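See structure below.
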Number of protein chains: 2
Amino acid sequence: MDKQTSRYLDILLAIAKDGSLFDTVSTSTVALAKQLKSSQQSTSRKLVEMELLGLIRRRTNQRGITISLTDRGVGQLTYLRDELIQIITSEKTPILGMVVSGLGEGGYYVGQERYQTQFKKMLGFSAFPGTLNLRIDITQFKHFLHQKKQIVIKGFKGEHRTFGPLNCIPVMLRNKKNSVEGSLIIPERTTHPEDIAEVIAKDNLRSLFDIKDNDKVEIGAIE
Amino acid sequence: MDKQTSRYLDILLAIAKDGSLFDTVSTSTVALAKQLKSSQQSTSRKLVEMELLGLIRRRTNQRGITISLTDRGVGQLTYLRDELIQIITSEKTPILGMVVSGLGEGGYYVGQERYQTQFKKMLGFSAFPGTLNLRIDITQFKHFLHQKKQIVIKGFKGEHRTFGPLNCIPVMLRNKKNSVEGSLIIPERTTHPEDIAEVIAKDNLRSLFDIKDNDKVEIGAIE
DNA sequence: ATTACTAAGAGGCGAGTAG
DNA sequence: TCTACTCGCCTCTTAGTAA
């Protein structure tokens, strides 16, 4: 973030609130200072500085001052807002994943019968033997994970190799074409954090959603 | 806004970005200072202050420090985010209006034939002779208005009184039951800003939406 | 390597006041 | 009244450095 943004944030916010981002607001350094719990002098000086920096337009008159935000001033607030929205994703906001190619190994893995019986019991569906890999903004993803209860699927030993435990998070998967219940699966050994989510559902998601690489899929919470 | 919030905002943001709001992040005052374009000393001191204020949890070790945000720290960011969202409503975000009783005069007004012919021509529909009044958050409303082109309906003189010009803004109106194209109508003489929006549509909105006072209606942009 | 103390210097703050 | 200047005070910053 810009150093300026935090130094002048409270004044920018005060103007934006009064003036609704685009209006010109008539006020005075005295009134503004009172609102900001600062002195008239500091407020006056800061406004001059902000004008110099191109954050506001400012005119003085007998009765006080009129101020409006410049595009740059609005931009600082918008930028900060977007940054905060990205950091603080609320539970109800679905997050977007971009389809990427996996190693093709996921299908063999989740296709194992001893996984499938647990999927049926714990998640309510048998999984199509194939996973869809979604690249996700890691910040949003972590936030999303934080709020979900994980369902643990036990690992087991196969004939040739070991199949580790899986953490599952039931989700709604949706794109333009379709919408289906599914689950994130996170092998317990995986080194987190990882920006790829592997998802399963009862259907073949690639054909259900008619997707190619780089398409977008929404991942939403289960009610 | 809290004075603390702006003083420590850049550090809070840096931690939240790295640590995804809930994780504990391992870093060092040196690295953090570099990222924040400040000195190691100031960063160290501020972190100590922030711990004292209950904004973060902090542990030092041989290799540096581990930090996580407290609920209070998260709260400061969330509060700021909500404030910014309220100020900066993007064009695509529908705003919510609450149905309130009008004076019942709106219907007589918009029912005038010389208005109706213009509605038909300029808006694409004849209006049901009645308006719905919606109370709206004024900040969001102003922002919404700012981005819309207004359609001007000319005023005229009737037998007994004068009917002034109207500014119209086509919108989508929606609630749980239904969705319909309509228009905000703003008598030109009205003293703005006003937190009540008067809306019309070809249908009787009260019956189409099956609404009573205090129900909510979404007002969205026309594509 | 680190963190964080001390101390000096930079710079922000507000009282007084001119215009 | 108002804005905004000067100037002293005091807080915040950073260099040096100990642990």
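It should be emphasised that the depicted structure is a prediction, and the values quoted were computed from it without experimental measurement. Within every chain, numbering begins at 1; the chains are lettered A, B, ... in the order of the sequence lines, protein sequences first and strands thereafter.
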Rounded to the Å, how far apart are B:Asn61 CG and D:dA19 C1'? 16 Å

Aromatic ring pairing B:Phe156/B:Phe163, orientation class (parallel under 30°, perpendicular over 60°, tilted between): parallel

Mind calculating the distance between NZ (A:Lys37) and P (C:dG14) to the nearest angstrom? 14 Å

Between C1' on C:dG14 and NZ on A:Lys34, what's the gap in Å once rounded to a whole number? 17 Å

Atom pair OH/CG of B:Tyr79 and B:Leu84 - distance to nearest 0.5 Å: 11.0 Å

Look at A:Ser38 and C:dG14 and indicate whether a side-chain polar atom (N or O) is within less than 4.0 Å of OP1 or OP2. yes

So does B:Lys46 get a side-chain nitrogen or oxygen closer than 4.0 Å to the phosphate oxygens (OP1/OP2) of D:dT13? yes

Please report, rounded to the nearest Å, how far the C1' atom of D:dA4 is from the CD atom of A:Gln62. 14 Å

For D:dT13, take OP1 and OP2 only and decide whether either is under 4.0 Å from a side-chain N or O of B:Ser39. no

For A:Ser28, report the nucleic acid contact type (base, sugar-phosphate, nothing); a contact means any heavy atom under 4.0 Å. sugar-phosphate

So, is B:Arg45 close to the C:dC5 phosphate, meaning a side-chain N or O under 4.0 Å from OP1 or OP2? no

Base, sugar-phosphate alone, or nothing: which one does A:Arg7 contact when heavy atoms must sit under 4.0 Å apart? sugar-phosphate

Let me know the distance between CD1 of B:Ile67 and P of C:dT2, rounded to the nearest Å. 14 Å

Value for CG (B:Leu47) from CD1 (B:Ile56), rounded to nearest 0.5 Å, stands at 4.5 Å

Nearest-Å distance, CD (B:Gln41) to P (C:dG9)? 16 Å

With respect to the phosphate group of C:dT3, does any side-chain polar atom (N or O) of B:Thr60 fall under 4.0 Å of OP1 or OP2? no

When rounded to whole Å, the CG to P distance for the pair A:Leu47 and D:dT3 reads 9 Å

If only atom types and distance count, is the side chain of B:Thr70 paired as donor or acceptor with the main-chain N or O of B:Leu55 below 3.5 Å? yes

How many whole angstroms separate atom CZ of B:Arg58 from atom C1' of C:dT2? 13 Å

Look up atom CD1 in A:Ile65 and atom OG in A:Ser28, then write down how far apart they are to the nearest 0.5 Å. 6.5 Å

Which part of the nucleic acid, if any, lies within contact of B:Ser42, taking any heavy atom under 4.0 Å across all strands shown: a base, the sugar-phosphate backbone alone, or nothing? base

